[in-house]
K.L.:
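Have a look at the structure that comes next, please.
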Amino acid sequence: MKNKKKICIVINNRANYARVKSLLYEIRKSKKFELKILLGASAVLNKFGELDKILKKDGFRKLEKIFSIVEGGNLTTMAKSTGLSLIEFTTFFQKINPSGVIVIADRFENLSVAIAASYLNIPLIHIQGGEVTGSIDEKVRHSITKLSDIHFVATKRSRDFLYKMGENKEKVFLTGCPSIDVAHRAKSKLPKNFFIDNKGVGNVPNYKEKYITVMYHPETTKYNYIKKQIKQLIEAIIKIKDLKIVWLWPNIDAGSDIISKQLRVLREKKLIDNISFFKNFSPEDYIKLIYNCQCLVGNSSSGIRESSFLPTPSVNIGFRQKNRERGYNVIDVGYDKDEIYKAITYQINKKKIKKTYLYGDGFSHKRIIKILNRIFEKKVSVEKELNYL
């Protein structure tokens, strides 16, 4: 088919890829669209895992890359990285002239994607708008919403919040979250060489051993307290003796170097002997990891989103996921080590958790591609107005 519409999806981190992997396949096989994948931010940095290798293994070999992250891991470098990314994304979009750009969720790296596409009059398609959380993600998410032209939301509440924000109801679509599509397909028992193949360091579990998964990211709006927070979490984890600990490295937000340093101290001083550390997993392997663990501990959205579908017990720490819609699998705690340890103990001894379909049923990608096919049959307007008028 001639004159295919060029759709660009920007993947700035490992979570972005998990959110849209199922959708990438649908767009690629569509007769109406030409898929362009652009990797940026932590997605192109080896310290956060070799995401390009994972995409290529999955069959996505035509990848574009930009490099825009300023080293330092603090609030200043986070702001400067956003500015540099804006320049790079603008140059790239101007070069390929896409018919539409898809931006995902609420990461600070994606704000520059939204600004660049908007100023170039390229229709912007936002996945996961309308949700509510804490940290800088809250501001970023709603800013991207106001810059976007088409919205694919995960929940009914998110859809209603976009209506209240003045978005055009004809451009807001309740599809569920594509990350649940991966969870729907990938949940299974661990392969025999699972942890070995994923190149962890430390006392790596064998595939039959029971373990908990820990993933703790910086709360950027509480930057000055990050060191204290991670120390409390480490002290709680040290008290767990009868399970293996699988700890994933933090994301690139301001404060990540603070967390990473404390994890290195934990490892080098051998304060605990039942722990291993991992950089990254493919979307499917990550689902297998959290599906089979006794409990997911930390402040990742996956402890609330994918884990509610699997279902996996989750201990959510602090305010990073404040007010996000929850299933029955989550216990919310503060930063105190004793409170965290008590919640973990409760969750790993829990008999049964009720599964929920809060964020989707596993077929979001089918709904999204169907809507995209219809929308791009004609020119997509980039005119924007508040719909209170």
Side-chain angles (χ1 to χ4, degrees), residues 10-18 39-52 65-89 104-113 133-141 143 200-202 213-235 237 247-269 271 275 277-281 286 297-303 317-322 335:
V10 181
I11 297 173
N12 277 323
N13 54 60
R14 61 197 182 201
N16 278 180
Y17 183 44
L39 303 183
S42 63
V44 297
L45 300 180
N46 182 60
K47 66 185 288 188
F48 295 97
E50 298 172 311
L51 190 57
D52 59 334
K65 296 180 182 181
I66 66 165
F67 295 85
S68 59
I69 293 298
V70 180
E71 285 288 344
N74 56 48
L75 298 173
T76 301
T77 58
M78 194 165 152
K80 289 185 176 182
S81 294
T82 303
L84 183 56
S85 296
L86 175 57
I87 296 171
E88 295 295 325
F89 285 130
I104 308 149
D106 48 29
R107 299 287 304 134
F108 80 91
E109 309 101 305
N110 291 332
L111 181 58
S112 49
V113 177
T133 62
S135 194
I136 191 64
D137 296 350
E138 178 77 355
K139 293 181 179 180
V140 171
R141 185 186 314 105
S143 297
V201 297
T213 302
V214 185
M215 184 159 51
Y216 191 80
H217 301 305
E219 282 190 34
T220 56
T221 48
K222 293 180 172 57
Y223 181 81
N224 294 330
Y225 301 96
I226 291 173
K227 184 176 181 180
K228 182 178 180 181
Q229 292 171 4
I230 187 61
K231 281 189 170 184
Q232 286 288 301
L233 174 55
I234 287 171
E235 288 188 38
I237 295 300
W247 200 311
L248 277 70
W249 228 241
N251 66 21
I252 202 169
D253 284 353
S256 61
D257 286 354
I258 298 171
I259 294 175
S260 298
K261 181 178 180 180
Q262 295 305 313
L263 295 183
R264 290 189 183 97
V265 170
L266 172 65
R267 180 187 169 194
E268 291 168 11
K269 290 189 175 181
L271 300 177
I275 193 167
F277 299 92
F278 291 80
K279 277 186 181 180
N280 196 19
F281 290 87
Y286 180 69
V297 181
N299 58 7
S300 168
S301 64
S302 60
I317 302 170
F319 291 93
R320 193 168 182 270
Q321 303 301 332
K322 181 182 179 183
Y335 308 99

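The shown structure was predicted, so the numbers you read here are calculated from the model rather than taken from an experiment. Along the sequence shown, residues are numbered consecutively beginning with 1.
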K.L.:
Between the main-chain N or O of G200 and the side-chain N or O of K279, is there a donor-acceptor pair closer than 3.5 Å?
P.N.:
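Side chain of K279 to backbone of G200, a donor-acceptor pair under 3.5 Å: no, none is there.
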K.L.:
Run K139 and D106 through salt bridge (Lys or Arg N to Asp or Glu O under 4.0 Å) and show every step you take.
P.N.:
CA-CA 8 Å; K139 293 181 179 180; D106 48 29; over 6 Å; no
K.L.:
List the steps and the verdict of side chain to side chain donor-acceptor pair (under 3.5 Å) for S135 and T220.
P.N.:
CA-CA 6 Å; S135 194; T220 56; 3.0 Å; yes
K.L.:
Less than 4.5 Å apart, side chain to side chain, heavy atoms only: is that true for W247 and I234?
P.N.:
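Heavy-atom side-chain distance check passes, below 4.5 Å.
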K.L.:
Looking at every heavy atom in both P250 and P218, which two are closest together, and how far apart are they?
P.N.:
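Minimum heavy-atom contact is CB-CD, 4.5 Å.
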K.L.:
Sub-3.5 Å donor-acceptor pair from the side chain of N16 to the main-chain atoms of N12, do we have one?
P.N.:
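Here the side-chain-to-backbone pair exists.
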K.L.:
Looking at every heavy atom in both G72 and D257, which two are closest together, and how far apart are they?
P.N.:
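Heavy atoms only, the tightest pair is O-OD2, 3.3 Å.
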K.L.:
What's the spacing between M78 CE and T76 OG1 if we round to 0.5 Å?
P.N.:
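So the gap between those two atoms works out to 11.0 Å.
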K.L.:
Using salt bridge (charged side-chain N to carboxylate O under 4.0 Å, His left out) as the criterion, list what pairs up with K80, not counting sequence neighbours.
P.N.:
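Residues passing salt bridge (charged side-chain N to carboxylate O under 4.0 Å, His left out) with K80: none at all.
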K.L.:
Show your working on side chain to side chain contact (heavy atoms under 4.5 Å, CB included) between I237 and L233 and close with a plain yes or no.
P.N.:
CA-CA 6 Å; I237 295 300; L233 174 55; 4.0 Å; yes
K.L.:
When the ring centroid of F277 is compared with that of W249, is the distance short of 6.0 Å?
P.N.:
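So the answer is yes for these two rings.
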K.L.:
Is any side-chain heavy atom of L45 closer than 4.5 Å to a side-chain heavy atom of I69?
P.N.:
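L45 vs I69: side chains touch.
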K.L.:
V297 versus I317: any side-chain heavy-atom pair under 4.5 Å?
P.N.:
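With C-beta onward as the side chain, the pair touches.
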K.L.:
For a 4.5 angstrom cut-off between non-hydrogen side-chain atoms, does E88 reach K65?
P.N.:
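SC-SC contact between E88 and K65 ruled out.
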K.L.:
Hey, is the main chain of N251 close enough, under 3.5 Å, to the side chain of H217 for a donor-acceptor pair?
P.N.:
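Here the side-chain-to-backbone pair exists.
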K.L.:
Nearest 0.5 Å, please: how far is CG in N280 from OG in S42?
P.N.:
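The OG atom of S42 sits 9.0 Å away from the CG atom of N280.
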K.L.:
Should D52 and L39 be marked as a side chain to side chain contact (heavy atoms under 4.5 Å, CB included) after you check the CA-CA gap, both sets of side-chain angles, and the distance that decides it?
P.N.:
CA-CA 8 Å; D52 59 334; L39 303 183; 3.9 Å; yes
K.L.:
Do the non-hydrogen side-chain atoms of V140 and R107 ever get within less than 4.5 Å of each other?
P.N.:
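The answer is no; the side chains never approach within 4.5 Å.
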K.L.:
Is the count of non-hydrogen atoms from other residues, nucleotides or ligands lying under 6.0 Å from K222 atom NZ greater than 12?
P.N.:
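It does: K222 NZ has more than 12 such atoms within range.
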K.L.:
Just how far is it from atom CD1 of I104 to atom CZ of R141, taken to the nearest 0.5 Å?
P.N.:
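One finds 14.0 Å between CD1 of I104 and CZ of R141.
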K.L.:
Closest heavy-atom contact between Y286 and S302?
P.N.:
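Shortest heavy-atom contact: OH-OG, 2.5 Å.
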K.L.:
Has the side chain of Q321 got a donor or acceptor atom that lies under 3.5 Å from a matching backbone atom of T133?
P.N.:
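No, Q321 side chain to T133 backbone: no donor-acceptor pair under 3.5 Å.
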K.L.:
Donor-acceptor pairs are to be reported for all side-chain atoms of residues 261-269 against protein atoms at under 3.5 Å, with residues two or more places apart or in another chain.
P.N.:
none

K.L.:
Are the side chains of E109 and N13 in touch, meaning some heavy atoms are under 4.5 Å apart?
P.N.:
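In contact.
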K.L.:
If I take atom CG from residue N110 and atom OG from residue S143, how far apart are they, to the nearest 0.5 angstrom?
P.N.:
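Answer for the CG-OG pair, N110 versus S143, is 12.5 Å.
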K.L.:
Can you pull out every side-chain hydrogen bond (donor to acceptor under 3.5 Å, both in side chains) where at least one residue sits in residues 224-233? Sequence neighbours excluded, please.
P.N.:
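Counting only pairs at least two positions apart or across chains, the side-chain hydrogen bond (donor to acceptor under 3.5 Å, both in side chains) contacts touching residues 224-233 are Y216-Q229.
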K.L.:
First locate atom CZ of R14, then atom CD1 of I252, and finally report the distance between them rounded to the nearest 0.5 Å.
P.N.:
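Going from CZ on R14 over to CD1 on I252, the span is 10.5 Å.
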K.L.:
Looking only at heavy atoms, which two atoms of G255 and I226 are closest? And how far apart?
P.N.:
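Heavy atoms of G255 and I226 come nearest at CA-CD1, 3.7 Å.
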K.L.:
Taking the side chain as every heavy atom from C-beta outward, state whether D137 and R320 have any atom pair closer than 4.5 Å.
P.N.:
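With C-beta onward as the side chain, the pair touches.
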K.L.:
Should T221 and F319 count as side-chain neighbours, where that means a heavy-atom distance under 4.5 Å?
P.N.:
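They are not in side-chain contact.
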K.L.:
Could you check whether S81 and S68, counting side-chain N and O atoms only, form a donor-acceptor pair closer than 3.5 Å?
P.N.:
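No, no side-chain donor-acceptor contact under 3.5 Å.
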